[in-house]
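A short worksheet on the structure shown next.
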Amino acid sequence: MKKSLQIKKENRHWLDQLNLDNPFLIAGPCSAETEEQVLLTAQALIEVRPSFFRAGIWKPRTRPGGFEGVGEKGLPWLEKVRKDFNLKVATEVGNAYHVEKALKHNIDLLWIGARTTVNPFAVQEIAEALRGTDKIVLVKNPVNPDLSLWLGGIERIKSVGIQNLGAVHRGFSSYETLYYRNKPEWHIPIELKKEFPQLPLILDPSHICGRRDAILDTSQTALDLNYDGLMIETHLDPDSAWSDSKQQISPIELIDLMNLIVIPQATSNKKTFQQKLDIFRSELDVIDNNLIELLNERMSVSQVIGHLKQQENVAILQSDRWGKTLPLLIKEAENKGLNQEFITEIFKRVHVESIKIQRKKK
Ligand code: PEP
Ligand code: MN
């Protein structure tokens, strides 16, 4: 693989120090299952040479009864990967005890899982246990789409003096059944980037997708958004994995994926490029302003309808009409080549706002 990820140099100490020729990549199984599985996977990954080899030792399962990880007996297996294959190793920590054991066994990178980031007590406990270490610590986004919790998790780790910090975007759970296991909600990591511009941001497409066939596309989207790297669950025999079997890919598939993704440049200094970009951006600004104007007009009409209904003492929500209008709008949008899910979300939101406005008393 000849591709190199264009990493902006300012303050990117730990990423810089890795001197990567390839994209930053964490690869390895969701869970360490047996010593043999861990070592054979590491061996199979030698060709792709990930920056870190991952394996979950302690597995937080949503419901009891699932495979909860092999526990600390798996840590020496990771040490063996480190020694025999000269690969840096990574695992998830969920409490102070995990941190203590992981540090003792020379784990190079520790990540805080999505189910832990939701809990400030747990994150604080982990932060205290990490105090003084120069290991790399990554904070996954919380399971729920809450930017503050994610920021809070990062701040807690930062506040004990951890320098080598990063964030992992693994998607957010949602009540609806979706194409994705965890909705990407791309705007949330983009907001995170605004708060911490220098913080490396890694995508975990495996937990976002929950399915193999979407991993390449999702990874490419992230790289197009200037993410700094990927964490991809890789298993020798994905279908028989003890956890997350549907989303893991084989080492061969990982090689293919890494060859297929295209690494964009962070930016270009070419004058013609900048000029063209400026023109298109002004065009977007005009369209965005028109959208606001149209929304304003739409809400004014909603207000008039609201008054009319109040005068007649008619219920505000007319499910009949909404049930007929939405499919027509979706069809129209589809004819124009717009994404169905996107349009549905927008109109649902507009409808809720419209109801709110209609309920306002004159
Ligand atoms: C994992 O990386 O295997 C894991 C449990 O991830 P998450 O915390 O994102 O669910
Ligand atoms: Mn997993």
Side-chain angles (χ1 to χ4, degrees), residues 24-33 37-38 41 50-64 66-71 74-75 77-78 89-95 98-99 102 107-119 122-123 126 136-146 149-150 153-154 157 166-174 178 180-185 188-189 192 201-212 214-215 218-219 222 227 229-250 254:
F24 176 80
L25 172 68
I26 304 174
C30 173
S31 303
E33 297 165 5
Q37 170 246 8
V38 167
T41 314
S51 323
F52 289 85
F53 177 85
R54 66 153 281 159
I57 296 291
W58 298 282
K59 299 303 297 175
R61 307 318 297 177
T62 305
R63 310 217 16 211
F67 172 57
E68 293 189 330
V70 291
L75 289 168
W77 308 345
L78 288 179
V89 291
T91 202
E92 173 174 346
V93 289
N95 58 36
H98 296 167
V99 173
I107 303 299
D108 302 282
L109 180 156
L110 295 79
W111 81 81
I112 296 178
R115 288 165 195 77
T116 306
T117 311
V118 290
N119 182 349
V123 178
I126 291 171
I136 297 164
V137 181
L138 303 182
V139 181
K140 283 196 166 198
N141 67 253
V143 274
N144 54 326
D146 184 337
L149 265 178
W150 199 3
I154 291 162
I157 303 298
V168 180
H169 172 208
R170 52 78 77 198
F172 302 87
S173 64
S174 155
L178 293 156
Y180 294 109
R181 176 178 175 195
N182 292 293
K183 233 176 161 181
E185 311 269 21
I188 298 181
L192 179 95
L201 178 60
I202 316 293
L203 182 86
D204 170 349
S206 310
H207 288 89
I208 288 183
C209 299
R211 48 193 281 172
R212 268 164 233 149
I215 290 179
T218 312
S219 302
Y227 277 49
L230 302 166
M231 179 195 268
I232 300 181
E233 288 188 337
T234 320
H235 195 279
L236 285 176
D237 180 10
D239 282 331
S240 49
W242 296 4
S243 58
D244 289 350
S245 61
K246 289 202 178 73
Q247 70 195 33
Q248 303 207 55
I249 60 173
S250 70
L254 182 66

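All values below were derived from every heavy atom in this structure, side-chain atoms included, with hydrogens, water molecules and symmetry-related copies excluded. First listed ligand is number 1; within each ligand, the first listed atom is number 1.
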Practice item. Test side chain to side chain contact (heavy atoms under 4.5 Å, CB included) on Asp244 and His207 and set out the steps. Key: CA-CA 8 Å; Asp244 289 350; His207 288 89; 3.0 Å; yes
Check your understanding: If you count the atoms of ligand 1 from 1 in the order shown, which ones are under 4.0 Å from a heavy atom of Gly113?
Key -> 8 (O)
Check your understanding: To which protein heavy atom is atom 1 (C) of ligand 1 closest, and what is the distance rounded to 0.1 Å?
Key -> His207 CE1, 3.2 Å
Review point. Do Gln247 and Arg212 meet the criterion of a side-chain donor-acceptor pair at a distance under 3.5 Å?
Key: no
Review point. How about His98 and Glu92: does a side-chain donor come under 3.5 Å of a side-chain acceptor?
Key: no
Review point. What do you reckon, does Gly56 put a non-hydrogen atom under 4.0 Å from ligand 1?
Key: no
**Study point:** ligand 1 N/O within reach of Glu233 N/O, cut-off under 3.5 Å
**Key:** yes
Review point. Which residue and non-hydrogen atom of the protein lie closest to atom 8 (O) of ligand 1, and at what distance in Å?
Key: Ala114 N, 2.8 Å
Review point. Just checking, is any N or O donor in the side chain of Glu33 or His235 under 3.5 Å from an acceptor N or O on the other one?
Key: yes
Check your understanding: For the residue pair His169 and Trp150, does the interplanar ring angle fall in the parallel (under 30°), tilted (30 to 60°) or perpendicular (over 60°) class?
Key -> tilted
Check your understanding: Side chain of Ser219, backbone of Ile215: donor and acceptor closer than 3.5 Å?
Key -> yes
Point to revise | Element-labelled atoms of ligand 1 that are located less than 4.0 Å from some non-hydrogen atom of Cys30 | key: 3 (O)
Review point. Do Val70 and Trp77 have side chains that get closer than 4.5 Å, going by heavy atoms?
Key: yes
Exercise for review: Looking only at N, O or S atoms, find the one in Glu233 nearest to the Mn ion (ligand 2) and name it.
Suggested key: OE2
Point to revise | Proximal heteroatom of Asp244 relative to the Mn ion (ligand 2) (N/O/S) | key: OD2
Point to revise | Atom pair CD1/OG1 of Ile249 and Thr234 - distance to nearest 0.5 Å | key: 5.5 Å
Point to revise | Sub-4.0 Å atoms of ligand 1 with respect to non-hydrogen atoms of Lys59 | key: 1 (C), 3 (O), 5 (C)
Study note, to complete from the structure: the protein heavy atom lying closest to atom 5 (C) of ligand 1 turns out to be Glu92 OE1, 3.4 Å
Check your understanding: For atom 9 (O) of ligand 1, what is the nearest protein heavy atom, given as residue, atom name and distance?
Key -> Arg170 NE, 2.6 Å
Review point. Looking only at protein heavy atoms, which one is nearest to atom 6 (O) of ligand 1, and how far off is it?
Key: Lys140 NZ, 2.9 Å
